Amino acid sequence: MVALNKPSGLQVLPGGLFQQRTVLTQLCWSVKKQNSTLNSQETHPVPVHRLGRGTSGILLCAKTKVAKTRLAAYFADGTSLVGATSNRKAARSGTRKISKIYRALVTGILVDDKVIIDQPIGIVRYPGVAKGLYVASPSGKPALSKVEVLERDEKQNCTLVQVEIESGRPHQIRIHLSFIGHPLLGDPLYIAGGEPRCFDPELVDESFAQDGGYQRPTNPVPGDCGYYLHAHRLVLSHPTTNEMIYITAPLSTILQTSDEANGSPGSVSINSGN
C-alpha cells in the first residue's frame with residue numbers, strides 16, 4: 001500500500017482537462033523510475049478510491065493487483081452496508097474494515113453539535129459533465145454521513161466540522177453539507193439544498209481541445225477548486241495481515257481548531273496496533 005497526502009488541485013485519475021498531471025500517472029512514473037524489489041513482482045500502482053480535485057488529504061493506493069482487489073472491496077462493502085438497510089445501527093455495526101474521517105469548513109453556523117445525514121444521491125444532466133452531475137435526489141442511491149461540530153466562528157459566519165462517511169458516493173460530503181444548508185466555504189458548484197449553483201439548458205460539449213483534454217465548461221463543475229475539505233484520518237484493516245492501521249494527514253491552519261493551531265502541522269503519520 002501507499003498512503004499519499006494529496007494536495008488540493010491534483011486530479012486523481014485522467015479525465016476532462018487533466019490527462020497527464022494526475023496521481024495515477026505520477027504513480028506509474030515513480031514505479032518505472034525506481035529499482036524496487038516490487039519490480040520483480042506483478043506491480044500495479046493505482047489509487048483504490050478517489051478524492052475530488054479540490055479535496056486534499058489521505059489517498060490510499062495499492063502497489064499490487066491483490067492489494068487493489070482487497071482494498072477496493074473494503075470501500076465497496078462500506079457503501080453496500082448503507083445501501084442494504086435503512087437501519088442506521090446496522091450500518092454502523094462495526095463490520096466495516098475501513099473508516100474515513102474528513103475535516104471541512106462550511107458556511108454558516110451549525111446549531112446542532114452532531115448531525116446524521118442520510119440524503120440519497122443521484123445524477124442529473126449538467127453542461128460540462130458528460131456522465132452527469134451528482135446531486136441530492138430522493139430517487140438516488142443511499143448515502144450516510146456523520147457530522148460533528150468542532151468549532152464555530154460567529155465572526156466569520158463559518159463552522160469547522162468533522163465528517164465521517166459510511167458510504168462512498170461521489171462528492172458526498174459536498175452534497176450532504178450543502179443539502180442541510182451549509183455548503184463548503186468557497187464551493188463554486190453546490191449550494192443549499194444539495195443542488196448545483198445553476199442549470200443551463202445548453203448541450204454538453206464533448207469536443208476535444210488541442211491538448212487532448214475537454215474544452216473548459218462555462219459553468220462550475222465538480223473538478224473546480226476553492227473549497228476546504230481534507231481527508232484527515234483513515235483507519236483500516238491491513239489487506240493481508242488484518243492488523244489495524246491508523247493513518248493521519250496534517251491539517252492546514254484554516255482546518256485546525258484554535259487549540260490545534262498552536263502546534264506544528266507535522267507530516268503524514270502511519271501507525272499500527274491491536
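Just so it is clear, the structure is predicted and the values come from calculations on it, not from any experiment.
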Gap between atom [atom2] of [Y] and atom [atom1] of [X] - 0.5 Å precision:
{"X": "I175", "Y": "I121", "atom1": "CD1", "atom2": "CD1", "answer": "4.5 Å"}
{"X": "Y126", "Y": "Y134", "atom1": "OH", "atom2": "OH", "answer": "15.5 Å"}
{"X": "Q26", "Y": "Q11", "atom1": "CD", "atom2": "CD", "answer": "12.0 Å"}
{"X": "R21", "Y": "R53", "atom1": "CZ", "atom2": "CZ", "answer": "11.5 Å"}
{"X": "H176", "Y": "D118", "atom1": "NE2", "atom2": "CG", "answer": "7.0 Å"}
{"X": "T55", "Y": "L10", "atom1": "OG1", "atom2": "CG", "answer": "11.5 Å"}

Main-chain N/O of [Y] paired to [X] side chain as donor or acceptor, under 3.5 Å:
{"X": "S56", "Y": "K6", "result": "no"}
{"X": "H230", "Y": "H232", "result": "no"}
{"X": "T241", "Y": "E243", "result": "yes"}
{"X": "T69", "Y": "K65", "result": "yes"}
{"X": "Q172", "Y": "A143", "result": "no"}
{"X": "Y74", "Y": "S237", "result": "yes"}

With side chain to side chain contact (heavy atoms under 4.5 Å, CB included) as the test, pick out the partner of T159 among I109, L150, D153.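 The single option meeting the side chain to side chain contact (heavy atoms under 4.5 Å, CB included) with T159 is I109.
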Do [X] and [Y] belong together in a cluster built from hydrophobic side chains that touch within less than 4.5 Å?
{"X": "V149", "Y": "I165", "answer": "yes"}
{"X": "L236", "Y": "I101", "answer": "no"}
{"X": "L185", "Y": "I191", "answer": "no"}

For [X], what residues pass the side chain to side chain contact (heavy atoms under 4.5 Å, CB included) criterion, not counting sequence neighbours?
{"X": "S252", "value": "I254, L255"}
{"X": "A72", "value": "none"}
{"X": "S258", "value": "E151"}
{"X": "L24", "value": "L13, P14, T22, C28, V46, P47"}

For [X], what residues pass the side chain to side chain donor-acceptor pair (under 3.5 Å) criterion, not counting sequence neighbours?
{"X": "S178", "answer": "none"}
{"X": "T257", "answer": "E260"}
{"X": "Q162", "answer": "R233"}
{"X": "S8", "answer": "none"}

Not counting sequence neighbours, list each pair that qualifies as a salt bridge (Lys or Arg N to Asp or Glu O under 4.0 Å) and has a residue in residues 172-186.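 Checked against salt bridge (Lys or Arg N to Asp or Glu O under 4.0 Å) - neighbours excluded - the pairs reaching residues 172-186 are R174-D187.
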With sequence neighbours excluded, give me every ring-ring contact (aromatic ring centres under 6.0 Å, His included) pair touching residues 48-70.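 ring-ring contact (aromatic ring centres under 6.0 Å, His included) check on residues 48-70 returns H49-F75.
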Decide yes or no on side chain to side chain contact (heavy atoms under 4.5 Å, CB included) for V161 and E148, but give the supporting numbers first. CA-CA 6 Å; V161 298; E148 181 177 346; over 6 Å; no
Determine, step by step, whether I58 and N5 satisfy the side chain to side chain contact (heavy atoms under 4.5 Å, CB included) criterion, reporting the C-alpha distance in whole Å, the side-chain angles of both residues, the deciding distance to 0.1 Å, and the verdict. CA-CA 5 Å; I58 301 168; N5 184 14; 5.9 Å; no
Taking C-beta and beyond as the side chain, do R50 and L59 meet within less than 4.5 Å on heavy atoms?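 The answer is no; the side chains never approach within 4.5 Å.
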Looking at side-chain heavy atoms only, is the closest gap between Y190 and E195 below 4.5 Å?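 No; the side chains remain at least 4.5 Å from each other.
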Determine, step by step, whether L184 and L105 satisfy the side chain to side chain contact (heavy atoms under 4.5 Å, CB included) criterion, reporting the C-alpha distance in whole Å, the side-chain angles of both residues, the deciding distance to 0.1 Å, and the verdict. CA-CA 6 Å; L184 294 183; L105 189 62; over 6 Å; no
Salt bridge (charged side-chain N to carboxylate O under 4.0 Å, His left out) partners of E164, counting only residues at least two apart: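 E164 satisfies salt bridge (charged side-chain N to carboxylate O under 4.0 Å, His left out) with K146 once adjacent residues are dropped.
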For R152, salt bridge (charged side-chain N to carboxylate O under 4.0 Å, His left out) partners two or more places apart: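 Scan of R152 (salt bridge (charged side-chain N to carboxylate O under 4.0 Å, His left out), adjacent residues dropped) gives D113.
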Determine, step by step, whether L71 and L60 satisfy the side chain to side chain contact (heavy atoms under 4.5 Å, CB included) criterion, reporting the C-alpha distance in whole Å, the side-chain angles of both residues, the deciding distance to 0.1 Å, and the verdict. CA-CA 9 Å; L71 291 172; L60 194 62; 4.0 Å; yes
